[in-house]
Amino acid sequence: MPEADDLDDEEEMPLSLRLSIADTLTLGNATCGFMAVYFTTTGILIPHLTGSQETGMARHSAATAVILMLCAAVFDLFDGLVARKLRSSPMGAELDNLSDLISFGLAPAYFVLVYGMVADDAHQRVAAVGAIVVLLAVVLRLARFSCVTVKDGTFQGMPSPFGALTVVSIVLLELPFVATLMAIIGTAWLMVSRVEYPKPRGRLAGAMLSWIVLSMALLAAWAFEAPGGQLLLQTGCALQLVMGAVIPLFATARRVNNFRDNRREARAAQLP
């Protein structure tokens, strides 16, 4: 008869199927993305289709959906930090890509699609094309991220969490439809471009987390119709767009500084 310990070893779950702490955070990311789609459907789309006049419900649901995307970004930020500090399972990279596709591909694209159905000046079919562009941009970006090796400390193209938040910020700004669509397509292009963005590490990670918390507060103020809540939200959305354009300059400046340092070191090595 085989010993009990031998049986336990045979029945033990394979290493490739064990979830680490980082993987649990990644699953939290996917859950937030799915719930963002749920609140967009039940609180915005269904009341619009049924002719409900309760605008407060739509505002609360829109804010909740975006807050859930922000929570997904927090999970995405911390699962990488935890994986580097502790460990991740062999499934970690695949889980991360699949979760990002839900939270930062499907959820914002669906948000754009519903915007095209409920906004007064929007065109539903054209908005659907914009939503497809966002979704495909995230799919292509995640696929490229898995195949292409870039310099340490940088992303090639706008990171998908940042891109998703930029897309929903454009929608919440309530610009004219053409301007909204062009800005969304521009953001999708940035996600698949070769523009370098710094990875959120150290102080930058802390700054990003602070910005996410501030964004949640602005959304809550807007949802509960606090005095000046609309203006505060639009200011925050405008800052999100500005950061999307300005942040790559930091990566460019760092690359220029590294190039200058390397030249100085080369010249110093050539001196007798």
Side-chain angles (χ1 to χ4, degrees), residues 29 32-33 35-37 39-40 43-44 55-78 100 103-105 107-112 114-116 118-119 121-122 130-131 134 138 155 158-177 179-188 190-191 195 197-198 200 203-250:
N29 170 5
C32 288
M35 293 305 297
V37 173
F39 278 101
T40 304
I44 303 175
T55 57
M57 178 187 297
R59 175 174 292 199
H60 291 166
S61 297
T64 302
V66 180
I67 287 174
L68 284 165
M69 292 184 215
L70 289 167
C71 290
V74 173
F75 280 118
D76 185 63
L77 176 64
F78 278 101
D100 286 354
S103 298
F104 311 125
Y110 187 71
F111 198 81
V112 172
V114 173
Y115 154 75
V118 303
D121 64 337
V134 171
V138 175
F155 287 117
M158 180 183 285
S160 52
F162 198 89
L165 299 180
T166 303
V167 166
V168 297
S169 295
I170 294 168
V171 174
L172 292 175
L173 272 175
E174 298 182 357
L175 299 172
F177 176 72
T180 298
L181 185 65
M182 295 304 295
I184 288 172
I185 293 175
T187 303
L190 279 174
M191 283 194 279
V195 178
Y197 283 76
R203 293 182 179 178
L204 185 58
M208 180 178 176
L209 183 60
S210 300
W211 174 249
I212 289 174
V213 173
L214 177 61
S215 299
M216 290 180 179
L218 295 178
L219 285 162
W222 173 68
F224 291 100
E225 300 182 2
Q230 180 74 23
L231 179 60
L232 288 173
L233 178 68
Q234 290 182 341
T235 302
C237 292
L239 286 175
Q240 176 73 26
L241 270 65
V242 170
M243 286 192 298
V246 171
I247 285 179
L249 298 179
F250 291 99

Write down the atom of [X], the atom of [Y], and the distance for their closest heavy-atom approach.
| X | Y | answer |
| --- | --- | --- |
| Thr187 | Gly163 | CG2-O, 3.7 Å |
| Leu70 | Ser215 | CD1-CB, 3.9 Å |
| Ala65 | Thr40 | CB-OG1, 3.4 Å |
| Ala109 | Ala131 | O-CB, 3.1 Å |
| Gly130 | Leu181 | CA-CD1, 3.9 Å |
| Cys32 | Phe75 | SG-CE1, 3.7 Å |

Residue set satisfying ring-ring contact (aromatic ring centres under 6.0 Å, His included) with Phe177, at least two apart, ordered chain then number -> His123
Under the side chain to side chain contact (heavy atoms under 4.5 Å, CB included) rule, collect the residues that match up with [X], sequence neighbours excluded.
| X | value |
| --- | --- |
| Ile67 | Cys71, Met216, Leu219 |
| Leu175 | Leu173, Ala179, Thr180 |
| Val37 | Thr41, Leu106, Ala107, Tyr110 |
| Met243 | Phe162, Trp211, Gln240, Ile247 |

Could you tell me the separation between the [atom1] atom of [X] and the [atom2] atom of [Y], rounded to the nearest 0.5 Å?
| X | Y | atom1 | atom2 | answer |
| --- | --- | --- | --- | --- |
| Ile212 | Met69 | CD1 | CE | 13.0 Å |
| Leu209 | Leu204 | CG | CG | 11.5 Å |
| Ile44 | Thr64 | CD1 | OG1 | 9.0 Å |
| Leu165 | Leu241 | CG | CG | 11.5 Å |

According to side-chain hydrogen bond (donor to acceptor under 3.5 Å, both in side chains), does anything in residues 229-238 pair up with another residue at least two apart or in another chain? List the pairs. Trp222-Gln230
Which residue pairs pass the side-chain hydrogen bond (donor to acceptor under 3.5 Å, both in side chains) test with at least one member in residues 69-78, sequence neighbours excluded?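 Listed by first then second residue: nothing to list.
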Tell me if a side-chain donor or acceptor on Tyr115 pairs with a main-chain N or O of Ala122 at a distance below 3.5 Å.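 No; judged by distance alone, with no hydrogens or angles, the pair does not exist.
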Non-hydrogen side-chain atoms of Asp100 and Val138 separated by less than 4.5 Å: no
Do Phe111 and Val171 touch side chain to side chain, with heavy atoms closer than 4.5 Å?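 Yes, close enough: below the 4.5 Å cut-off.
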Phe39 ring center within less than 6.0 Å of His60 ring center: no
